[in-house]
Structure formats: structure tokens, C-alpha cells
Amino acid sequence: MGIVSPESGSCEFAAPPRASTFRVAVLGAGGGIGQPLSLLIKMSPLVSSLNLYDIANVRGIAADLSHCNSPCRVAGFSGAAELARCLSGADVVIIPAGVPRKPGMTRDDLFTINASIVKTLVEAVADLAPTALIHIISNPVNSTVPIAAEVLKQKGVYDPRKLFGVTTLDVVRANTFLAQKKNLRLVDVDVPVIGGHAGTTILPLLSKARPATVLTGDEVEELTARIQNGGTEVVEAKAGAGSATLSMAYAAARFLESSLRGLDGDQEVYECAYVQSALTELPFFASRVKLGRKGVEAAVPADLQGLSGFEERALEALKPELRASIDKGLAFVRKEEVPVLVVA
Ligand SMILES: NC(=O)C1=CN([C@@H]2O[C@H](COP(=O)(O)OP(=O)(O)OC[C@H]3O[C@@H](n4cnc5c(N)ncnc54)[C@H](O)[C@@H]3O)[C@@H](O)[C@H]2O)C=CC1
Ligand SMILES: O=C([O-])CC(=O)C(=O)O
């Protein structure tokens, strides 16, 4: 629509709308992450339809959000009987359904409950939105992503380019903590984070940070530990009231935006994510990936080349735990005996 400029009286045209808009479903939308994430998605110009699903009642949340005067249409679906309608036509399905940690728990302690939740939800996605991108937030991500992959394989619809464990919060924390430590302009900072999403499997590559930053050995160790323990820092501060929700919603919204830009044909869209990977001997691994029209276009091997000695050692050290978490997820779906996982 043209806009008449009061100064010149001429008719100017607003920037053309983007080529595409997308349909997004959030499963677990009533929770601590689901609600603020849904608000951020409602604000996205790339999203035309937002479907909220939870076993709890989300109709009120949907009604509330729908009053925001952004164009995205919002609908709420509560209870398993409404899941099919929620998923129908989705381009991206985001899954933050499941229980969060309490102080003293590891992410792996959530496996008992969350593995079944993720399995059931991904079975429905496989049946009803088999071509959608799937963003898994539910912990333990190191195992829930292999669970999802195995479910999709058994259903005959697995496309490894479309399944992601959301590790963006690790990058968000790494950027924030490094910028604070070295007094950098936050907007310029970018730290790739590889490996997985639990304790020492989270490996920030500070030697690859942009802008290039000189850090002492002690600074690297201190920053690495803080990034690895970022989740626990929040769990302890919340003292029994859950884990990170607002920063996670922010991170998940960023990852969604990047995924949608990729789907929309934007070039040079990169994010770190936990995906099926051939970068190491581990079948799933978080690294920087290029996002495109079909999801992951390629993993970026360059980040793993020329690591510091500290990073090399940390990478080798994380592999046994990450492999055990992957095997535990796969065994759960294959109904094999679940291997015992020892985590710090
Ligand atoms: N990937 C990451 O970086 C992060 C992952 N998380 C994980 O995200 C998950 C959710 O955390 P919060 O939102 O804080 O928990 P929450 O307990 O506040 O919300 C979870 C929601 O899931 C719903 N839910 C449970 N079972 C369901 C099912 N079968 N179908 C649909 N909805 C279901 C619940 O009703 C609830 O509304 C946890 O597993 C947590 O560990 C949390 C922070 C960061
Ligand atoms: O720590 C947790 O349990 C939640 C999480 O994954 C994070 O904040 O990184």
C-alpha cells in the first residue's frame, strides 16, 4: 500500500512484504519456556500462524496472545485429542514439553520422564507433519534428539537435515560471558559452541571467538566452566522453581528466526545446533551449521580445525559421555536394555 509523504506530497511505497511466511507449532506451549517463546514468535514477521499445544489448557494463553496487534494468527490446542489439528500443515515444530531440573539434578535425571514425552510427540509429528523442521528443546537434548531420529526412522520419514537439538542458549551465554569478561561490544561477539548440551559436553571454542580475543589459560578455563554450568547457575538461583526459561525462549526464538530465513532462501545463515553429524565419530554432534531451504545444508568443519590444546583435550574428554547419552536415547526407542550413564 502506498504512503503519501506529508513533505513532498508524493506517494512512497513501504518495503515489500517478505516472500514467505510460515506456520509454527509449539508443543509444551503452556510452560515456562513455551509462553515467552510463543510471545516472541507472535512478534515475528516471518510467521503467519502459531499453534500452541500442551497437555494443560492453553486456550487462555492463545486468547491472550491473539490480542497483540501483530498479523500472526494464534490458536490453542489442549490435550492429546487436539494434537493432530495443532500439527496439521506446520513448517516448524518446536518442542519444549517436559519437566525441568531442580537443584542437585543432572539433565540426564530428566530422561525417565522426558524421553517418553518426546517419543510420543515426535511420533505424532512423523504422522501429521512429516516434512516439518523439528526443534527439540526438552532435556536431556543429548538423548532426546537421538530418540526423535530413531522414531522418525521407524516411521520412514527421517530427514536428518530437518532435526535439531536447540543449543543456541549455549552460544548466547558464551557471547554474553565473553563480552562481559573482556568488555567487548556484545553485538560483535560470536563464539561457536560444539559437542552437546550437558555439562562438559558443552564445549565453547573460545579460540575461534569473533572478534579474536586474547585470553589467558586461566581465563579460558574459567569462562569455559561458566558457560558449561550456565544452566546449573540458573537452576540454583531459581531454587526449585525450574530452570532457564526467559533466556531459553530468547535463544529458541533466535534459532527459529534463523531457520525460517534459511527456509525462505536467505543465504549465509549459520547457527550452532546439535544434529546428525559426520564431523567426528559421534553420530550426533553440535557444531555450526549452514541453514537453507531444506534445513541443514552443511556442517561447518572449519571450527574444528586448529583447535587449542585445551579444546583438543576437552573434545576428546567429552566424547564418551556424549556417546553414552546418544546410545541411551537410541536404546530407549529400540527397546534395548538402556545402558547405564555415569555423569558428573
Ligand atoms: N535446550 C535447552 O537449552 C534448554 C532446555 N530446557 C528444557 O526444556 C524443558 C521445558 O522446560 P520448562 O518450560 O521450564 O518446563 P515447564 O514445566 O515450565 O513447562 C513444560 C510444559 O510441558 C508441558 N507438557 C508436559 N508433558 C507434555 C506432553 N506430553 N505434551 C505436551 N506438553 C507437555 C507441561 O504441561 C508444561 O506446560 C525441560 O526439559 C528443560 O530441561 C530448559 C532450558 C534450556
Ligand atoms: O540447565 C537446565 O536444566 C536447562 C538447560 O538446559 C539450560 O539452561 O541450559
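Whatever order the structure lists ligands and atoms in, that order sets their numbers, starting from 1.
- Listed by number with element, the atoms of ligand 1 under 4.0 Å from a non-hydrogen atom of Gly28 are 21 (C), 22 (O), 32 (N).
- Neither the backbone nor the side chain of Asp170 has a heavy atom within less than 4.0 Å of ligand 2.
- Using a 4.0 Å cut-off between heavy atoms, Ile137 contacts ligand 1 through both its backbone and its side chain.
- Ligand-side atoms of ligand 1 in range of Ala244: 42 (C), 43 (C), range being under 4.0 angstrom from any heavy atom.
- By the criterion of a heavy-atom distance under 4.0 Å, neither the backbone nor the side chain of Leu110 is placed next to ligand 2.
- Between Leu27 and ligand 1 there is no heavy-atom distance shorter than 4.0 Å.
- Of all the heavy atoms of Pro96, the ones lying under 4.0 Å from any atom of ligand 1 belong exclusively to the backbone.
- Between atom 26 (N) of ligand 1 and the options Thr144, Ile55, Ile95, the minimum heavy-atom separation is to Ile55.
- Proximity of a side-chain donor or acceptor of Ser287 to a complementary backbone N or O of Ala299 within less than 3.5 Å is not detected.
- At under 3.5 Å, a nitrogen or oxygen of Arg107, whether backbone or side chain, sits near a nitrogen or oxygen of ligand 2.
- Remark: Thr201 OG1 to Glu321 CD distance equals 5.5 Å, nearest 0.5 Å.
- Glu311 places a side-chain N or O within donor-acceptor distance of the main-chain N or O of Leu206, the cut-off being under 3.5 Å.
- Side-chain atoms of Asp170 do not come within 3.5 Å of backbone N or O of Val193 as any donor-acceptor pair.
- Only the side chain of His197 comes within 4.0 Å of ligand 1, counting heavy atoms alone; its backbone N, CA, C and O stay farther away.
- The CD atom of Glu268 sits 5.0 Å away from the NZ atom of Lys290 when rounded to the nearest 0.5 Å.
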Task: Intermediate values then yes/no, salt bridge (charged side-chain N to carboxylate O under 4.0 Å, His left out), Arg161 and Glu297 - done: CA-CA 7 Å; Arg161 297 171 300 179; Glu297 271 185 11; over 6 Å; no
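- Neither the backbone nor the side chain of Thr168 comes within contact range of ligand 1; no heavy atom lies under 4.0 Å.
- In this comparison of Ser138, Ser116, Gly98, Ala124, the heavy atom closest to atom 20 (C) of ligand 1 sits on Gly98.
- Residue, atom and distance of the protein heavy atom nearest to atom 8 (O) of ligand 2 are Arg173 NH2, 2.8 Å.
- Residue contacts with ligand 1 for Ile117 involve side-chain atoms from C-beta outward but no N, CA, C or O (heavy atoms, distance under 4.0 Å).
- The protein heavy atom nearest to atom 6 (O) of ligand 2 is His197 NE2, 2.6 Å.
- The closest non-hydrogen atom to atom 23 (C) of ligand 1, taken over Asn57, Asp54, Thr120, comes from Asp54.
- Which parts of ligand 1 touch Gly32 is read off a 4.0 Å heavy-atom cut-off, strictly below it: atoms 13 (O), 16 (P), 18 (O), 19 (O).
- Here Val166 has backbone heavy atoms under 4.0 Å from ligand 1, and that is the only part of it that gets that close.
- With hydrogens left out, the protein atom closest to atom 1 (O) of ligand 2 is Arg101 NH2, 2.7 Å, a heavy atom.
- Residue Val99 touches ligand 1 through its backbone alone, judged by heavy-atom distances below 4.0 Å.
- Remark: distances from the non-hydrogen atoms of Gly242 to ligand 1 are all 4.0 Å or more.
- For Tyr270, the OH atom sits in a packed shell: over 12 heavy atoms of surrounding residues, nucleotides or ligands are nearer than 6.0 Å.
- Cation-pi check for Arg226 over Phe177 is met; the charged atom lies under 6.0 angstrom from the ring centroid and within 45 degrees of its normal.
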